[in-house]
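A quick note: this is a predicted structure, and the numbers were derived from the prediction, not measured.
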Amino acid sequence: MRDAEFGQIAGLSDEQRRKIADYHRQGKAAGLGERVLGIGLGALVGGFVAVEDLRRFIAAHKESGAQSGRLPFPHLHFAAAADKFPEAGRLLARELEAAGKMAAEIQTIRRLSPAALDRLDADGKRRAADAYRLAADGQRPATAANPPEAVKKSIATIETLLQQFK
């Protein structure tokens, strides 16, 4: 577990800290190495921090209707923590189920946020501008590289070749 994640533990609820301690104890009992246990603990802390970020997001949205702030996917963190050993999945079953149900809703909020809609609009305008530019560029080389004499010569060559097909 990195120092940044370790420092975030103090801001979590007593129940969340108890879950982290249980996870650590069960991981040690399962014989996990320090590195793997640290990765799992970091993911667990990240999941709880993501839940707190979601709470802040929802509170701000209720208060002002704003859709700003961090909108993470806690399910990814809890799934990563549960993946480390079987007991973790049972310990985190409630969190995994709730976070899994929230994932689709979070995706909807992200997709329909003003920033996302602005990005889609800007992307659409950029694509339209690119299409117009490509169309213009496609016509320019044809007129610039093929002066009338070259076109006449090509037509004459094609006429000659067509005579071979009787």
Would you compute the distance between atom [atom1] of [X] and atom [atom2] of [Y] and round it to the nearest 0.5 angstrom?
{"X": "Phe73", "Y": "Asp53", "atom1": "CZ", "atom2": "CG", "value": "13.5 Å"}
{"X": "Lys19", "Y": "Leu92", "atom1": "NZ", "atom2": "CG", "value": "6.0 Å"}
{"X": "Ile20", "Y": "Leu12", "atom1": "CD1", "atom2": "CG", "value": "5.0 Å"}
{"X": "Leu37", "Y": "Gln26", "atom1": "CG", "atom2": "CD", "value": "11.0 Å"}

### Query
Do Glu95 and Phe48 come within less than 4.5 Å of each other through their side chains, counting heavy atoms only?
yes
For residues [X] and [Y], report the shortest heavy-atom separation together with the two atoms involved.
{"X": "Lys101", "Y": "Glu105", "result": "O-CG, 4.1 Å"}
{"X": "Ala82", "Y": "Leu96", "result": "CB-CD1, 3.7 Å"}
{"X": "His24", "Y": "Leu41", "result": "CD2-CD1, 3.5 Å"}
{"X": "Arg17", "Y": "Ala10", "result": "NH1-O, 3.4 Å"}

With sequence neighbours excluded, residues passing salt bridge (charged side-chain N to carboxylate O under 4.0 Å, His left out) with [X]:
{"X": "Lys84", "result": "none"}
{"X": "Asp22", "result": "Arg18, Arg25"}
{"X": "Arg94", "result": "none"}

### Query
Is there a donor-acceptor contact under 3.5 Å from the side chain of Tyr23 to the main chain of Ala81?
yes
### Task
Output all residues satisfying side-chain hydrogen bond (donor to acceptor under 3.5 Å, both in side chains) with Glu52, sequence neighbours left out; order by chain, then residue number.
Gln16, Arg55
### Message
Holding to side chain to side chain contact (heavy atoms under 4.5 Å, CB included), I want the full list of residues that pass it with Ala30, two or more places apart in sequence or in another chain.
### Response
Phe85, Glu87
#### Entry: Residues which pass side chain to side chain contact (heavy atoms under 4.5 Å, CB included) with Ala99, listed by chain and number, not counting sequence neighbours
Pro74, His75, Phe78, Met102
